[in-house]
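Each remark here refers to the structure printed beneath this line.
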Amino acid sequence: MKMTAIDTLKTALHQSQGFFMALVNDMKSDPLRQPTAKGGNHTLWVVGHLTHSEAGIVSGFLLGEPNPLAKWDDLFGQKSQPVADASKYPSMDELLAAYDKVRAATLKQLDRYTDADLEKPSKAPEQLKAFFGTIGTAFSGIAVHQTFHAGQVSCCRKAAGRDPILG
């Protein structure tokens with residue numbers, strides 16, 4: 001069986017999600033743990049940020065529509081900063097439910113494209129074209145972004161004194 005570019009993107013999205021969710025699920029009991037003594041992105045913020053970002057990439061860069069999670073711009077948008085106060089955020093359960101809904105929409109949108117469509121330009125703003133300039137790079141960017149932030153959750157786990165998940 002020949003693997004298509006769409007198949008490759010789906011694999012990347014599933015792999016990044018699997019690794020990320022293993023880390024997040026382990027940190028549900030300590031979601032505000034920051035990775036360093038000087039702060040940093042805690043797990044709760046990372047889940048919200050990735051959910052907000054993915055919704056924005058699909059809605060904005062692919063469909064040319066507003067982010068359906070724009071209500072969270074100040075909490076999780078590009079220039080937001082994590083705070084160690086749970087009352088400032090939606091609950092982890094709410095964030096994970098939103099994440100599941102957003103990821104399902106992402107995969108549904110990916111199913112609408114052919115391999116040839118992946119080369120078409122996205123609607124990403126000029127300053128983000130290097131990372132999200134085509135339909136294909138928008139989807140790969142989602143997986144890379146998730147993997148990047150999974151590393152931060154891994155550091156939160158380390159700060160919490162937990163052993164690595166993968167050895």
Side-chain angles (χ1 to χ4, degrees), residues 1-25 27 35 40-82 89-90 92 94-157 164-166:
M1 178 172 118
K2 180 181 176 187
M3 190 166 187
T4 67
I6 298 287
D7 295 333
T8 301
L9 289 171
K10 285 180 183 177
T11 298
L13 289 166
H14 288 300
Q15 287 176 334
S16 65
Q17 180 180 14
F19 182 64
F20 177 70
M21 290 309 299
L23 296 167
V24 167
N25 286 329
M27 287 301 290
N41 297 339
H42 53 66
T43 304
L44 190 69
W45 183 88
V46 170
V47 172
H49 173 69
L50 287 173
T51 303
H52 177 272
S53 297
E54 186 167 328
I57 292 167
V58 173
S59 295
F61 301 175
L62 300 178
L63 304 174
E65 298 172 357
N67 187 335
L69 297 178
K71 66 184 179 185
W72 290 346
D73 285 354
D74 292 341
L75 293 175
F76 303 117
Q78 201 169 18
K79 296 187 188 232
S80 67
Q81 295 292 316
Y89 296 104
M92 181 64 85
E94 182 180 350
L95 291 173
L96 289 172
Y99 170 82
D100 288 342
K101 184 177 177 183
V102 167
R103 179 49 61 96
T106 297
L107 293 170
K108 186 175 180 181
Q109 187 62 33
L110 181 55
D111 281 337
R112 293 184 174 124
Y113 297 114
T114 66
D115 279 6
D117 290 331
L118 300 177
E119 297 176 27
K120 293 178 182 176
S122 74
K123 295 171 174 52
E126 198 57 43
Q127 69 271 23
L128 298 176
K129 290 266 188 206
F131 300 103
F132 304 105
T134 66
I135 291 170
T137 58
F139 283 106
S140 67
I142 290 169
V144 169
H145 188 221
Q146 186 169 42
T147 302
F148 170 81
H149 283 292
Q152 294 173 336
V153 176
S154 180
C155 291
C156 293
R157 290 183 75 260
I165 288 178
L166 296 176

For Ser59 against Pro66, the heavy-atom pair lying closest together:
CB-O, 3.5 Å

Residues 128-148 vs salt bridge (Lys or Arg N to Asp or Glu O under 4.0 Å), sequence neighbours excluded, gives none

Looking at Glu65, I'd like to know if its CD atom is crowded, meaning that more than 12 non-hydrogen atoms belonging to other residues, nucleotides or ligands lie closer than 6.0 Å.
yes

Who passes side chain to side chain contact (heavy atoms under 4.5 Å, CB included) against Thr147, sequence neighbours left out?
Ser16

Hey, could you give me each pair passing salt bridge (Lys or Arg N to Asp or Glu O under 4.0 Å) that has a residue in residues 137-146? Not counting sequence neighbours.
none

To the nearest 0.5 Å, what is the distance between SG (Cys155) and CG (Asn41)?
10.5 Å

List for me each residue that meets side chain to side chain contact (heavy atoms under 4.5 Å, CB included) alongside Thr11, sequence neighbours excluded, and say none if there are none.
Met3, Gln15

Heavy atoms, side chains only, cut-off 4.5 Å: are Leu62 and Phe139 in contact?
yes

Could you grab the distance from atom CG of Asn25 to atom CG of Leu96, nearest 0.5 Å is fine?
7.0 Å

In Å, rounded to the nearest 0.5 Å, how long is the span from CD of Gln17 to CG of Asp100?
7.0 Å

Can you confirm whether Gln127 is buried at CD, in the sense that more than 12 heavy atoms of other residues, nucleotides or ligands lie under 6.0 Å from that atom?
yes

Counting C-beta onward and ignoring hydrogens, is there a side-chain heavy-atom pair between Leu75 and Pro90 closer than 4.5 Å?
yes

For a quick test of your reading: what N or O donor-acceptor pairs under 3.5 Å do the side chains of residues 104-115 make, sequence neighbours left out?
residue	atom	partner	partner atom	Å
Thr106	OG1	Glu54	OE2	2.7
Thr106	OG1	Val102	O	3.0
Gln109	OE1	Arg112	NH1	2.6
Gln109	NE2	Tyr113	OH	3.0
Asp111	OD1	Lys10	NZ	2.5
Thr114	OG1	Ala116	N	3.4
Thr114	OG1	Asp117	N	3.2
Thr114	OG1	Asp117	OD2	3.3
Asp115	OD1	Ala5	N	3.4
Asp115	OD1	Ile6	N	3.0
Asp115	OD2	Ala5	N	3.0

All heavy atoms of Leu69 vs all of Ala55, minimum pair found to be CD1-CB, 3.9 Å

Could you report the tightest heavy-atom contact between Pro125 and Phe61, atom names first, then the distance?
CD-CE2, 3.3 Å

Of all residues at least two apart in sequence or in a different chain, which pass the side chain to side chain donor-acceptor pair (under 3.5 Å) check with Ser80?
Trp45

Do you know the tightest heavy-atom contact between Leu95 and Thr51?
O-OG1, 4.0 Å

Counterpart residues, side chain to side chain donor-acceptor pair (under 3.5 Å), relative to Ser140 (two or more places apart)
none

Rounded to the nearest 0.5 Å, how far does CG of Leu23 lie from NE2 of His149?
13.5 Å

Who pairs with Thr137 by side chain to side chain donor-acceptor pair (under 3.5 Å), at least two apart in sequence or on another chain?
Thr134

Listed partners of Phe20 passing side chain to side chain contact (heavy atoms under 4.5 Å, CB included), at least two apart:
Val24, Val46, Val47, Leu50, Gln146, Ala150, Val153

Residues in ring-ring contact (aromatic ring centres under 6.0 Å, His included) contact with His42, at least two apart in sequence or another chain:
Tyr89

Non-hydrogen atoms of Gly141 and Phe132 that approach each other most closely:
CA-CE2, 3.8 Å

Can you list everything that forms a side chain to side chain contact (heavy atoms under 4.5 Å, CB included) with Lys123? Sequence neighbours excluded, please.
none

Distance, nearest 0.5 Å, that separates CG of Leu13 from CZ of Arg103
5.0 Å

To the closest 0.5 Å, what do you measure between NE2 (His145) and NE2 (His49)?
3.0 Å

